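Following: one structure in structure tokens, then a few remarks.
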Amino acid sequence: MALHHASSGEVIDLAASADQPGTRAIVKTDRFEAIRLALGHGDTIPAHRLASQITLHCLEGSVSVKVAGGMLALGTGQWVFFDESAVHGIDAVTDSVLLMTVMLP
């Protein structure tokens, strides 16, 4: 079954809710991809690297972002940018919702 991707002008609710658990792609074009990440307290995304620039915007909750040389705390309303090939991982400190944007090469 194909995932529904938003159409131009379509309003998408990114808030956490029981009917929208987990990670889901919102939109993908030839230039970027937007993904909603819903993580429960204690959930982990292991450290990895992408060959693209990315941003993480914490919409709800708080997470620890593992980066080379340490950890970053990211809370509600905060945003971070990573350059290509930056190794990063995420640990959910609380139930959290993030918006990840991937700029495609």
Side-chain angles (χ1 to χ4, degrees):
M1 177 175 163
L3 291 175
H4 169 74
H5 286 101
S7 300
S8 179
E10 181 180 355
V11 175
I12 302 295
D13 184 2
L14 297 176
S17 69
D19 63 332
Q20 295 180 346
T23 298
R24 68 182 185 104
I26 298 167
V27 67
K28 184 173 183 178
T29 72
D30 59 341
R31 296 183 184 175
F32 83 101
E33 182 173 13
I35 301 165
R36 176 189 175 272
L37 305 171
L39 304 172
H41 168 77
D43 285 352
T44 297
I45 297 175
H48 62 284
R49 82 176 69 216
L50 298 174
S52 299
Q53 296 175 322
I54 68 164
T55 67
L56 288 174
H57 181 180
C58 186
L59 302 172
E60 298 177 27
S62 62
V63 297
S64 291
V65 182
K66 295 178 242 176
V67 294
M71 299 283 275
L72 300 173
L74 196 63
T76 300
Q78 293 183 314
W79 178 93
V80 66
F81 164 79
F82 292 108
D83 217 344
E84 294 109 357
S85 300
V87 176
H88 60 282
I90 302 171
D91 294 325
V93 176
T94 65
D95 290 348
S96 302
V97 178
L98 300 138
L99 176 62
M100 179 173 74
T101 304
V102 181
M103 279 58 82
L104 300 174

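This is a predicted model, so every value here is computed, not measured.
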Open item on the list: Is it the case that the side chains of D91 and T44 hold a donor-acceptor pair, with the cut-off being a distance below 3.5 Å and no angle test?
Closed with: yes
Task: Single-linkage hydrophobic cluster V63~M71, side-chain heavy atoms < 4.5 angstrom - done: no
- [ ] Check for a donor-acceptor pair, side chain of S96 on one end and backbone N or O of T94 on the other, with a separation under 3.5 Å.
- [x] yes
Task: Nearest-0.5 Å distance that lies between atom CD1 in I90 and atom CG in L39 - done: 6.5 Å
- [ ] Give the cluster check for M100 versus V67: same hydrophobic cluster or not, with ILVMFWY residues linked at side-chain heavy-atom distances below 4.5 Å.
- [x] yes
Task: R49 side, atom CZ; S85 side, atom OG - distance, nearest 0.5 Å - done: 6.0 Å
Task: Member of I35, V102, L104 meeting the side-chain contact (heavy atoms from CB on, under 4.5 Å) criterion with K28 - done: L104
Open item on the list: Are I45 and L74 linked, directly or through intermediate hydrophobic residues, by side-chain heavy-atom contacts shorter than 4.5 Å (ILVMFWY only)?
Closed with: yes
- [ ] Kindly give the heavy-atom pair with the smallest separation between P105 and S52, and that separation in Å.
- [x] CD-OG, 3.5 Å
- [ ] Please check if the side chain of S7 supplies one atom and the backbone of E10 the other of a donor-acceptor pair under 3.5 Å.
- [x] no
Task: Among L98, V97, L59, side-chain contact (heavy atoms from CB on, under 4.5 Å) partner for L37 - done: L98
TODO: Say whether F81 and V65 are linked into one hydrophobic cluster, either directly or through other cluster members, by side-chain heavy-atom distances under 4.5 angstrom.
DONE: no
TODO: Could you tell me the separation between the CZ atom of F32 and the CE atom of M103, rounded to the nearest 0.5 Å?
DONE: 10.0 Å
TODO: Look up atom CD in E33 and atom CD1 in I54, then write down how far apart they are to the nearest 0.5 Å.
DONE: 11.5 Å
Task: Nearest heavy-atom neighbours spanning H5 and A25 - done: NE2-CB, 3.5 Å
Task: Interatomic spacing from CG in D83 to CG in L50 - rounded to 0.5 Å - done: 12.0 Å
Task: Heavy-atom closest pair, residues C58 and G61 - done: SG-O, 3.4 Å
Open item on the list: I need the W79 CH2 to T55 OG1 distance, nearest 0.5 Å.
Closed with: 6.0 Å
Open item on the list: Show the nearest heavy-atom pair for residues S64 and V93, with the distance to one decimal.
Closed with: OG-CG2, 3.6 Å
